[in-house]
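Mind having a look at this structure? Questions to follow.
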Amino acid sequence: MRERIFQIEFAGHAVRCRFLLPTTRLHFGTLARPVEGNEYDVYVTPERLAKARETMPADYSNNYVEYRTLTELSSHVLIRFGCCFFHAVSFCWRERAWLLTAPSGTGKTTQFLNWQRLHPGEITMICGDMPVLEQRDDGTVWVHPSPWNGKEDLGDRNHPPMPLAGIVLLKRGPENAISRLSAADAIPTLFSQFILLPDTADEILGLASLTDAVLRTAPVWELTNRGDDASTELLRQTLEGGSHDSI
Amino acid sequence: MIRYKTRHGVILTSICGEYVLVSARSVQNLCPYVTELNETSAFLWRQLTSGADLDDLMAALDEEYELDDPAAARQAVESFLRQMLELNYLLPVEQGGTHEEE
C-alpha cells in the first residue's frame, strides 16, 4: 500500500506526518505537502485512534479524531525546538499577541467575538483553538497560527507570528472581576493548557523552560465573567493598562 | 528506619523561581501532574533523590539551615514526607526490600 507521508510546518519547523486515514489530510489543506520517502515523525496508530475516540465527543468523525490527536504527537516533535501547542484563543491587538485560555466551553471565543463587535477592526484572530508558542533564544515568546482553529474554524493560517503580550485565564461566574495572578498561581493552569503530556525528563524540562519564558514575558490575569459586553470591556481596559509588565 | 525513594518519572524543576514537581505521562495515573514546592521542600526532595531516610534529611537540613528548633523541624519534615507519600510522589523502601509498585 502506498504510504501517505506529508510534511507540515508549525512555527517554521517541519513535521513529517503519516496519515492513517486519507481524508484526514484535508483538514490541513495546502499546509500538508506530500514528500518522498517513508520516514515520518508522527502517526496515529489504529490503537491510538481508538483510545482517543473515548475522550472525544461521539459525533466526531474518525478523521477529525485523527486530526485532533496529531496536535499532541506533533508537540513531542516541536518541544525539542522550544515550541508547543497551547489551548487558547489567540488574537492580535496592537501588533502583539494575546491569549484567552480556559477549558472548552468557558467563553474564549465569546470574548473574542464580543470585542470584535464592540471595537470593529481592532483585533484579528491568529488561531481559534491551539496556537503554537515558540520560545526564542532572546527570551521572547512568539505566537504562531496553526491548522487547529476550533469548532468555529476562526483563525488565519497565514497570520504572521506575533510577540506574546499577555494571557487571560477565563472562568465563568455570576459577576465580572479581573485580577493579576502571581507566577505560583499561574503555573499549574498554564502547564495543563499545553497540548503535551511529557514522556521524558527532557520534555518536562522543555515545557518548564517554555512556561518560564511565558511567565517572564507576559502578565497573566484571571477573568471571572458572565460573557457579556461589560466583561469584554473590563478585559480590554485591563489589557490596555497592564500590557507593559510581566511577572 | 524507612528510607524513601522518589518516583521514577517525577522531575523537580524551577519556573520563575518557583519549585515544581512535574510527572511524566507514564505516572500521571499515580500522582498529580504538577505540584508546587517551597524552597525547603525542594531541598528535601533533592536529598530524597539519592535515597535518604528521616535522619539523613534532618542532618542535611541542619547543615544547610542551622536549625534553631530541631524538634519542630523534624515534625515539619515528617509532615512533608506524609504529604509526598499521600500524593504518591514518594515510595518507602525498607532495608533489603522495597514497596515500590512501579
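Side-chain atoms are counted along with the backbone in the values below, which use heavy atoms only and exclude waters and symmetry mates.
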For Cys16(B) versus Leu215(A), what's the shortest heavy-atom pair and its separation?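 Nearest pair, atom of Cys16(B) first, then Leu215(A): SG-CB, 3.4 Å.
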
Are there over 12 heavy-atom neighbours, none belonging to Asp137(A), within less than 6.0 Å of that residue's CG?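 Result for CG/Asp137(A): open.
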
If I measure from the heavy atoms of chain A, does Val22(B) come under 4.5 Å with its side chain, its backbone, both, or neither?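 Both parts, backbone and side chain.
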
Select one option (side chain, backbone, both, neither) describing which atoms of Leu196(A) are under 4.5 Å from chain B's heavy atoms.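 Backbone only.
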
Smallest separation among heavy atoms of Arg216(A) and Gly17(B), with atom names: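 Nearest heavy atoms, Arg216(A) then Gly17(B): NH2-N, 4.1 Å.
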
Please find the pair of heavy atoms, one from Ala184(A) and one from Glu36(B), that lie closest to each other, and give the distance.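 Between these two residues, the closest heavy atoms are O-OE2, 2.6 Å.
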
Say you draw a straight line from CD of Gln28(B) to CG of Leu197(A); how long is it, rounded to the nearest 0.5 Å?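 It is 5.0 Å, given to the nearest 0.5 Å.
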
Heavy-atom closest contact (Ala201(A) atom, Ile11(B) atom, distance):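 Closest approach of Ala201(A) to Ile11(B), heavy atoms only: CB-CD1, 3.7 Å.
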
Got a second to check how far Ile15(B)'s CD1 is from Asp212(A)'s CG, nearest 0.5 Å?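 The distance works out to 7.0 Å.
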
Identify the two heavy atoms, one from Ser192(A) and one from Tyr33(B), that lie closest to each other, and give their separation to 0.1 Å.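 It is CA-CE2, 4.3 Å.
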
With a 4.5 angstrom heavy-atom cut-off, could you sort out which part of Thr35(B) is near chain A: side chain, backbone, both or neither?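 No part of it gets close to chain A.
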
Decide if atom CG of Asp68(B) counts as having more than 12 heavy atoms of other residues, nucleotides or ligands within a radius under 6.0 Å.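 For Asp68(B), atom CG is not crowded (no more than 12 foreign heavy atoms under 6.0 Å).
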
Of all heavy-atom pairs between Asp199(A) and Arg25(B), which one has the smallest distance, and what is that distance?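 Closest approach of Asp199(A) to Arg25(B): OD1-NE, 2.8 Å.
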
